[in-house]
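The sequence lines fix the lettering, A, B, ..., with proteins before strands; numbering per chain opens at 1.
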Amino acid sequence: MDNQAILEVSHLSKAFGKNTVLKDIDFTVRPGDVTSIIGASGSGKSTLLRCINLLETPTGGDILYHGKSVVARGFNPSSYRAKVGMVFQSFNLFNNLTVLDNCMIGQIKVLKRNREEAREKALKYLDKVGMVPYMNAKPRQISGGQKQRAAIARALAMDPEILLFDEPTSALDPEMVGEVLSVMRDLANEGMTMLVVTHEMAFARDVSSDVVFMSDGVICEQGDPKEIFSNPKETKTREFLSRILG
Amino acid sequence: MFIDRLTQLGQDIAKLWSQYSASFLLGVRNTLILAVVATAIGCVIGFFCGVLQTIPYTKNDNIFKRFFLKLLRVVIRIYVEIFRGTPMILQAVFIFYALPYFSGNAIQFTNKWICAIVVVSINTGAYMAESFRGGIISIDPGQTEGAKAIGMTHFQTMNSIILPQALRNIMPQIGNNFIINVKDTSVMFIIGFTEFFAYHKMITGATFKYFPSAVIEMAGYLIMTIIASLLLRFVEKKLDGAGSYELVNADQLVMTAGTYNNPEKGSPYDEHSKEYPDLSERRGR
Ligand SMILES: Nc1ncnc2c1ncn2[C@@H]1O[C@H](COP(=O)(O)OP(=O)(O)OP(=O)(O)O)[C@@H](O)[C@H]1O
Ligand SMILES: [Mg+2]
């Protein structure tokens, strides 16, 4: 066991019925790590993230959060999820609430902060992602890039220990990808611990501290991004990278 | 010829109205009260059925919780099928005569109002249970996941995220049910409840002016339902809120200093350095 680790995924597996989607997944996230998970479509990247914050129940193996199993009986998922933020491909902002309220509701309901404190926190992070001007807008009234930045602010407002991103820019028009990536880059530089599923290879290579390459539900290769991108050891990694990078 | 008949009709209606307007209006009043009260109670029943039916359970929950929730679903299912699947006129008879039958006439519905309200409420509740369930499950699962991901419980998610959206979506169905109730409460004559249509029967029994009275009845029902439609549209508009929003000037906000840890950073894509000069000024200092 790693005393430093925030998350330790060990021998994790997940099957939907007979269809095994994740097999024997092992990796560790330490404070300040920015880990990019890359891999072909259908390789199980989203499922892995969803298992980590218990949106899916793993069928085998273990996930340790500061050494405590999150899949054990009697574990309270709510307070754990509050500490593990998640940013979705489809934003999942609350449609009935304004951008500001989206960033406040979790603080008020889950962390039991009072309104003033929650508002101050929300504004701080909305400012960080450049969304203060739109704080009174409803999600349907803003663009995709703005939605994703608001969603990042919502996650940050919970003061998470680690942020999970599931292809945060995949649903965005090309001109909006940059604004979201730059927010993520800032977070990484400030020392936020992040686990990012992405198809943005430049981000994986230049920003992250670790890269995990997944293929058919297993981790095929993991390590230093420079190393993996310039000198991949596995054939599958090489094939994937040459396909993606052209 | 036709013109003659029309004038005749006009005279008949005028005469009926001058003689029986009080009765017609009393009928309207009774119909409206019954429809409003029963729709409201029906909504409450439907709300609870919908919410209770959609409480999730997984294999990991303890056996009592699972059993209880499953039982709840079955009971609600049976209720819905019975009261959606039989005519309301029969339900009225059934409930009206069930009490005296089983109690050997000891208990009876002495008050027609109570019986009518009970029957129409239970009937409406069965329909609304499905409306609420449909409204809840039709909300994008992403909303639930977004809420779960920040640690909200099922109850919190329901209360703050799902129900406000579901309620908005089923407003048209609440309206539908209300309008149906305005019309269908007419079957309550079977237990002797005198609503709008019952007065038609009483008045034509005395005057034999079937058609003129029917015209008044038609007009009366239409006026009630159209006003109800308009009111509902108005409420829906209110619920939708403003179609636009005001941009907030960041400088007007009293904020803690030192929000930006890296004032120098930013990329060409960095929206706030390009489009919001007021913000970029703050960043620079
Ligand atoms: N709820 C589910 N039920 C059954 N199978 C599922 C479910 N969710 C995912 N899968 C299957 O699991 C596999 C991995 O899916 P996953 O979404 O994790 O892939 P991914 O790597 O995120 O792909 P992408 O890059 O396209 O997002 C797929 O074959 C998918 O069909
Ligand atoms: Mg995916």
Side-chain angles (χ1 to χ4, degrees), chain A residues 50 53-55 57 73 77-88 90-98 102 105-107 109-111 120 123-124 127-138 141 145-146 149 151 154-155 157-158 164 175 177-179 181-183 185-186 189-190, chain B residues 58-60 62 139-157 159-168 241-251 253-256 258-262 265-276 278-280 282-283:
Chain A
R50 294 169 59 80
N53 80 347
L54 300 178
L55 289 176
T57 316
R73 259 172 196 274
S78 279
S79 51
Y80 165 67
R81 288 197 186 113
K83 286 269 133 218
V84 179
M86 175 106 173
V87 175
F88 299 87
S90 50
F91 326 122
N92 294 350
L93 286 175
F94 306 132
N95 293 327
N96 59 322
L97 301 178
T98 62
N102 262 278
I105 186 135
Q107 300 186 62
K109 301 276 173 191
V110 181
L111 304 180
E120 202 170 296
L123 285 173
K124 173 177 158 188
D127 193 18
K128 185 185 216 87
V129 300
M131 283 298 291
V132 166
Y134 301 96
M135 67 184 203
N136 292 328
K138 290 277 180 71
Q141 296 167 319
Q146 292 167 341
R149 286 186 284 145
R154 175 177 73 180
M158 302 294 290
L164 314 178
E175 66 264 34
V177 169
E179 65 188 61
L181 285 182
S182 99
V183 166
R185 202 180 296 254
D186 287 357
N189 290 346
E190 285 161 23
Chain B
T58 63
K59 285 195 298 256
N60 292 344
N62 76 49
I139 300 299
D140 173 18
Q143 298 285 303
T144 310
E145 295 201 338
K148 266 190 185 173
I150 53 174
M152 289 169 75
T153 61
H154 172 76
F155 179 78
Q156 291 168 336
T157 308
N159 200 20
S160 320
I161 311 296
I162 306 298
L163 282 176
Q165 297 181 50
L167 219 51
R168 168 64 191 88
S244 61
Y245 58 93
E246 304 258 322
L247 281 184
V248 177
N249 186 341
D251 276 353
L253 293 165
V254 190
M255 299 230 310
T256 45
T259 304
Y260 292 103
N261 296 344
N262 291 288
K265 235 172 16 214
S267 73
Y269 295 108
D270 201 344
E271 196 177 331
H272 46 248
S273 62
K274 268 202 313 198
E275 282 177 37
Y276 311 117
D278 44 349
L279 276 175
S280 53
R282 299 178 33 146
R283 300 187 95 212

(request) Please look at A/Leu93 and chain B and tell me whether the side chain, the backbone, both or neither of the residue comes under 4.5 angstrom of a heavy atom of that chain. (result) backbone
(message) If I measure from the heavy atoms of chain A, does B/Glu145 come under 4.5 Å with its side chain, its backbone, both, or neither?
(response) both
(request) Find the one option among A/Ile105, A/Leu164, A/Leu97 whose heavy-atom pairs under 4.5 Å with chain B are most numerous. (result) A/Ile105
(message) Taking every non-hydrogen pair under 4.5 Å, which of A/Arg73, A/Gln107, A/Lys109, A/Met86 racks up the most with chain B?
(response) A/Lys109
(request) Name the option with the most non-hydrogen atom pairs under 4.5 Å to chain B; the candidates are A/Leu55, A/Asn95, A/Leu181. (result) A/Asn95
(message) side chain to side chain contact (heavy atoms under 4.5 Å, CB included) for B/Met152 and B/Ile161? Distances and angles first, verdict last.
(response) CA-CA 10 Å; B/Met152 289 169 75; B/Ile161 311 296; 4.0 Å; yes
(message) Heavy-atom cut-off 4.5 Å, strictly under: side chain, backbone, both or neither for A/Asn53 against chain B?
(response) side chain
(message) For chain B, which candidate among A/Val110, A/Thr98, A/Asn136, A/Asn96 shows the most heavy-atom pairs at distances under 4.5 Å?
(response) A/Asn96
(request) Identify which part of A/Thr57 has an atom lying under 4.5 Å from any heavy atom of chain B, answering side chain, backbone, both or neither. (result) side chain
(request) Can you tell which part of A/Val84 gets under 4.5 Å to a heavy atom of chain B, answering side chain, backbone, both or neither? (result) backbone
(request) May I have the step-by-step check of side chain to side chain contact (heavy atoms under 4.5 Å, CB included) for B/Lys148 and B/Thr157, ending in yes or no? (result) CA-CA 8 Å; B/Lys148 266 190 185 173; B/Thr157 308; 5.6 Å; no
(message) Has A/Arg154 got a side-chain atom pairing as donor or acceptor with A/Asn102's backbone, closer than 3.5 angstrom?
(response) no
(message) Could you tell me if B/Tyr245 and A/Gln141 have a donor-acceptor pair between their side chains, going purely by distance under 3.5 Å?
(response) no
(request) Return the minimal non-hydrogen interatomic distance between A/Met135 and A/Leu123, and the atom names on each side. (result) SD-CD2, 3.4 Å
(message) For A/Phe94, which atoms come within 4.5 Å of any heavy atom of chain B: side chain, backbone, both, or neither?
(response) both
(request) Could you tell me which residues satisfy side-chain hydrogen bond (donor to acceptor under 3.5 Å, both in side chains) with B/Ser160, sequence neighbours excluded, listed by chain and number? (result) none
(request) For A/Leu111, enumerate each residue passing the side-chain contact (heavy atoms from CB on, under 4.5 Å) test, keeping only those at least two apart in sequence or located in another chain. (result) A/Ala82, A/Arg113, A/Met158
